[in-house]
Amino acid sequence: MVKPVLEGTVALVTGASSGIGAATAAALAGQGAAVALAARRRDRLEALAAGIRDQGGTALVLESDITDEKQATDAVAHTVAELGRLDTLINNAGVMLLGPVAGAPLSEWQQMVELNVLGLLYCAHAALPHLLRAAGDSPRQVADMVNISSVAGRAARNGNGVYSLTKHGVGAFSESLRQEVAKRYVRVSLVEPGATATELAGHNRPEVLDSIRNQFGQRMQAEDIADAIIYIVTRPRHVAVNEMLIRPTEQER
Ligand SMILES: NC(=O)c1ccc[n+]([C@@H]2O[C@H](COP(=O)([O-])OP(=O)(O)OC[C@H]3O[C@@H](n4cnc5c(N)ncnc54)[C@H](OP(=O)(O)O)[C@@H]3O)[C@@H](O)[C@H]2O)c1
């Protein structure tokens with residue numbers, strides 16, 4: 001039997017309780033990685049962990065709000081303490097609150113900056129020493145940080161100002177960090193999904209939902225993005241997929 005590519009490695013997925021994060025965690029486990037699952041909804045994480053264990057995998061539930069610096073840092077620390085190492089960080093947790101800038105509730109902007117930017121940074125900062133160590137001493141001699149941005153991280157549109165701001169920031173940070181650690185074999189990758197059927201849009205105010213509903217066209221499944229992430233993290237050591245923009249076929253912009 002062929003050994004699964006990620007056997008013996010450990011991955012931490014933020015926002016693993018639904019959507020892209022849940023699909024990615026299951027797919028990583030399918031490739032042999034032990035997975036740490038971070039998000040706020042413990043019941044969802046427990047259900048996912050049970051499914052992974054039923055398939056013979058290893059899963060650790062980490063109930064964490066990563067907008068809190070300590071909880072983010074603890075999520076990384078517990079992963080390493082319980083599972084022994086950290087080879088792969090999937091920085092996926094995010095929130096998308098759309099609508100005009102004029103009159104927008106500032107609390108929505110704060111939520112997006114706190115999670116999409118600061119939460120991601122807390123996890124990246126805490127994980128980096130472990131990823132550098134894994135790249136040095138693991139059998140694969142490579143480690144991965146995959147940061148989930150968006151099509152909105154490439155192009156700003158009317159109505160997505162602050163979401164787009166946060167995702168552009170994720171892109172800039174990822175590229176800078178990629179250059180910093182490339183020679184030490186920590187690959188930093190950026191994934192930019194287009195419309196994907198998850199819970200993401202459902203957190204918008206009803207009036208915003210009404211105005212964006214007619215923009216919903218074809219959508220991908222969370223598993224489609226998980227596939228792309230699995231492609232990235234299973235490349236051989238000398239290949240780094242720096243950036244992936246993935247739209248449903250019919251999505252024009
Ligand atoms: N769906 C799309 O069309 C699309 C397109 C482009 C980019 N993306 C990006 O893909 C990523 C995943 O989103 P999704 O589409 O899968 O949406 P989703 O189903 O709403 O998932 C978001 C995840 O983030 C977690 N989360 C929210 N607040 C958190 C916090 N404070 N601490 C820890 N975890 C938190 C949620 O879990 P809890 O509520 O349990 O904490 C959930 O697991 C996001 O970064 C999003 O911007 C999505």
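Counting starts at 1 for both ligands and their atoms, following the listed order. Excluded from the calculations below are hydrogen atoms, water molecules and symmetry mates; all remaining heavy atoms, backbone and side chain alike, are included.
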message: So if I only count non-hydrogen atoms and take anything under 4.0 Å from ligand 1, which residues does that give, chain by chain?
response: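 Residues Gly15, Ala16, Ser17, Ser18, Gly19, Ile20, Ala39, Arg40, Arg41, Ser64, Asp65, Ile66, Thr67, Asn92, Ala93, Gly94, Leu115, Ile148, Ser149, Ser150, Tyr163, Lys167, Pro193, Gly194, Ala195, Thr196, Thr198, Glu199, Leu200, His203 each place a heavy atom under 4.0 Å from ligand 1, listed by chain and number.
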Where at least one partner belongs to [range], residue pairs that pass salt bridge (Lys or Arg N to Asp or Glu O under 4.0 Å), sequence neighbours excluded:
range            : answer
residues 85-102  : Arg85-Asp87, Arg85-Asp137
residues 230-246 : Arg154-Glu243
residues 45-56   : Arg42-Glu46

message: Less than 4.0 angstrom from a charged side-chain N to a carboxylate O is my criterion; do Glu108 and Arg205 meet it?
response: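 Between Arg205 and Glu108 there is a salt bridge, with a charged N closer than 4.0 Å to a carboxylate O.
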query: Do Val233 and Tyr185 belong to the same hydrophobic cluster, where Ile, Leu, Val, Met, Phe, Trp and Tyr are linked whenever their side-chain heavy atoms lie under 4.5 Å apart, directly or via other members?
result: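 Shared cluster, no.
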message: With side chain to side chain contact (heavy atoms under 4.5 Å, CB included) as the test, pick out the partner of Leu115 among Asp65, Leu120, Thr166, Val95.
response: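 Among Asp65, Leu120, Thr166, Val95, the one that satisfies the side chain to side chain contact (heavy atoms under 4.5 Å, CB included) with Leu115 is Val95.
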